[in-house]
Amino acid sequence: MWKSKVWNLTLLSTILRRRTTLLSISHFQSNSTSHFPPAISRTSNFDFLGNPNFPGKTFCSESAEKSHVHIRCWSCGNVANGSLFLFCDSCRSVQPLDQSVDYFQIFGLERKYDIGVENLEGKYKDWQKKLHPDLVHSKSKKERGFAAEQSARVIDAYRTLSKPLLRAIYIMRLEGVDVDEEETLADPELLSEILEIREAVEEAADSQELNQIQSQMQEKLDHWSNSFANAFQCRKFEEALNSIRRMTYYQRVNEEIVKKL
């Protein structure tokens with residue numbers, strides 16, 4: 001009899017402990033839900049041209065995450081099956097600007113410095129035709145606003161990627177490397193060279209001399225553009241920055257020549 005009472009008390013104590021534990025867990029979960037709302041997922045499976053997107057990025061793991069993000073059309077609610085898109089594949093409505101899309105994705109290009117610049121112009125014109133005000137004039141005010149924003153971004157993307165120096169600066173920033181475009185020149189050898197070139201530009205007697213100097217500057221720009229490409233590919237970012245510095249100053253000389261021509 002005594003042993004039976006002891007057993008019953010032990011069983012009751014165990015049941016109470018378990019109940020207390022379950023209540024504590026339930027309370028924690030209810031509080032946790034209020035502090036940590038469920039994540040909202042967005043995906044994208046088509047690029048701006050309506051074509052399947054390139055799988056992943058070449059240099060950054062971030063793109064692999066973005067390739068799984070779903071984007072829902074604001075107009076019809078359709079969800080893209082692949083990557084980022086400019087037009088809804090279902091209703092063809094112009095979509096709002098997505099800042100997570102980089103300039104290379106806009107043109108369906110792999111993220112790298114050496115790109116086929118000759119292919120940019122055709123894709124750029126194709127985009128501008130699709131976003132031209134004459135083609136979207138019948139759309140709603142909201143969609144016309146989206147088209148204007150997308151058009152401005154395409155213009156900036158084309159301007160940036162079509163020029164080696166701007167493309168170099170942009171792709172470095174995509175890698176998280178800061179590029180100071182206003183950095184003071186500290187290399188005495190380069191500073192002396194630039195001063196001599198500028199004097200030659202000022203003293204040039206005619207356009208023929210200016211064209212000769214400009215041709216020399218272009219050769220230097222091509223050389224340092226190749227130097228940047230090699231350094232960037234090997235992820236030697238300090239060397240890549242040095243190439244950008246030189247390209248910057250040679251480009252400025254070119255701009256001075258253009259003003260005098």
Side-chain angles (χ1 to χ4, degrees), residues 57-60 102-107 109-125 127-128 151-261:
K57 290 182 185 176
T58 304
F59 301 110
C60 183
D102 65 48
Y103 291 169
F104 293 92
Q105 289 175 291
I106 288 177
F107 291 102
L109 297 171
E110 184 181 355
R111 185 194 283 185
K112 61 180 184 178
Y113 180 69
D114 291 323
I115 60 175
V117 179
E118 63 279 358
N119 298 324
L120 278 178
E121 187 173 1
K123 293 181 181 179
Y124 167 71
K125 289 180 178 179
W127 271 124
Q128 290 304 335
S151 178
R153 186 162 173 79
V154 168
I155 291 172
D156 192 47
Y158 174 72
R159 182 183 69 88
T160 300
L161 296 187
S162 62
K163 297 179 179 179
L165 176 57
L166 295 181
R167 185 167 70 249
I169 293 172
Y170 180 71
I171 200 171
M172 287 285 279
R173 285 176 174 166
L174 287 180
E175 289 295 322
V177 181
D178 182 50
V179 180
D180 184 3
E181 296 179 64
E182 302 302 324
E183 183 180 5
T184 303
L185 192 59
D187 183 340
E189 183 180 344
L190 178 58
L191 178 59
S192 176
E193 179 188 0
I194 295 298
L195 289 174
E196 288 180 8
I197 294 171
R198 284 180 172 168
E199 285 179 10
V201 171
E202 289 295 326
E203 296 171 0
D206 51 34
S207 59
Q208 184 176 356
E209 287 189 25
L210 289 172
N211 285 329
Q212 288 177 350
I213 298 172
Q214 190 175 41
S215 178
Q216 293 171 7
M217 291 304 97
Q218 190 57 53
E219 288 179 5
K220 289 180 179 293
L221 281 169
D222 292 342
H223 169 78
W224 288 104
S225 176
N226 292 332
S227 176
F228 172 84
N230 294 332
F232 183 82
Q233 186 175 4
C234 297
R235 302 188 69 79
K236 296 178 180 179
F237 290 152
E238 191 54 45
E239 290 183 19
L241 284 172
N242 181 56
S243 297
I244 286 178
R245 292 185 194 104
R246 289 179 175 270
M247 290 169 69
T248 298
Y249 279 92
Y250 295 136
Q251 182 61 41
R252 288 175 182 172
V253 171
N254 258 346
E255 291 169 359
E256 290 178 15
I257 294 173
V258 170
K259 290 177 183 178
K260 291 198 65 176
L261 284 172

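Residue numbers count from 1 along this sequence.
Put simply, CG on Asp114 and CZ on Phe228 are 9.5 Å apart, with the number rounded to the nearest 0.5 Å. In this structure, the separation between CZ on Phe232 and CD on Glu175 is 4.5 Å, given to the nearest 0.5 Å. Ile115 CD1 to Glu110 CD: the interatomic distance, rounded to the nearest 0.5 Å, is 11.0 Å. Separation of atoms CD (Gln251) and CG (Leu166) is listed at 8.0 Å; rounding is to 0.5 Å. Here the straight-line distance linking atom CD1 of Ile244 with atom CG of Asp180 works out to 11.5 Å at 0.5 Å rounding. Here the straight-line distance linking atom CD of Gln218 with atom OG of Ser225 works out to 9.0 Å at 0.5 Å rounding.
With Arg246 as the partner, the side chain to side chain contact (heavy atoms under 4.5 Å, CB included) test is satisfied by one option alone out of Lys220, His223, Glu193: Glu193.
Under a 4.0 Å N-O distance rule, the pair Arg153/Asp156 does not qualify as a salt bridge.
Side-chain contact check for Ile197 versus Gln216: every heavy-atom pair is 4.5 Å or farther apart. Two residues are said to be in side-chain contact when any heavy atoms from C-beta on lie closer than 4.5 Å; Asn230 and Lys236 fail this criterion. In this structure, the side chains of Thr248 and Glu183 stay at 4.5 Å or more apart for every pair of heavy atoms. Within the 4.5 Å cutoff, the side chain of Ile106 has no heavy atoms near those of the Tyr158 side chain. Counting only heavy atoms from C-beta outward, the side chains of Tyr250 and Leu190 approach each other to under 4.5 Å.
Under the rule for a side-chain contact (heavy atoms from CB on, under 4.5 Å), Asn226 has no partner lying at least two apart in sequence or in another chain. Shown here are the side-chain contact (heavy atoms from CB on, under 4.5 Å) partners of Gln214, two or more places apart in sequence or in another chain: Asn211, Asn254, Ile257, Val258, Leu261.
The minimum heavy-atom distance linking Ala231 with Glu239 is given by the pair CB-CB, 3.8 Å. Shown here for Pro188 and Ala186, the closest heavy-atom pair between the two residues is CD-O, 3.1 Å.
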side-chain contact (heavy atoms from CB on, under 4.5 Å) between Trp224 and Asn242, worked out:
CA-CA 9 Å; Trp224 288 104; Asn242 181 56; 4.0 Å; yes
Kindly indicate, with the supporting measurements, whether the criterion salt bridge (charged side-chain N to carboxylate O under 4.0 Å, His left out) is fulfilled by Glu121 and Lys125.
CA-CA 6 Å; Glu121 187 173 1; Lys125 289 180 178 179; 3.3 Å; yes
Arg252 vs Ile194, side-chain contact (heavy atoms from CB on, under 4.5 Å): CA-CA, chis, key distance, verdict:
CA-CA 10 Å; Arg252 288 175 182 172; Ile194 295 298; over 6 Å; no
Quick one, Arg245 with Asp187, criterion side-chain contact (heavy atoms from CB on, under 4.5 Å). Give me CA distance, side-chain angles, the key distance, then yes/no.
CA-CA 10 Å; Arg245 292 185 194 104; Asp187 183 340; over 6 Å; no
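Not one N or O on the side chain of Lys260 forms a donor-acceptor pair closer than 3.5 Å with the backbone of Leu210. Looking only at distances, no side-chain donor or acceptor of Arg111 sits under 3.5 Å from a matching main-chain atom of Ile171. With hydrogens and angles disregarded, no donor-acceptor distance shorter than 3.5 Å links the side chain of Glu209 to the backbone of Asp206.
Relative orientation of the Tyr103 and Tyr170 rings is parallel, given thresholds of 30° and 60° on the angle between their planes.
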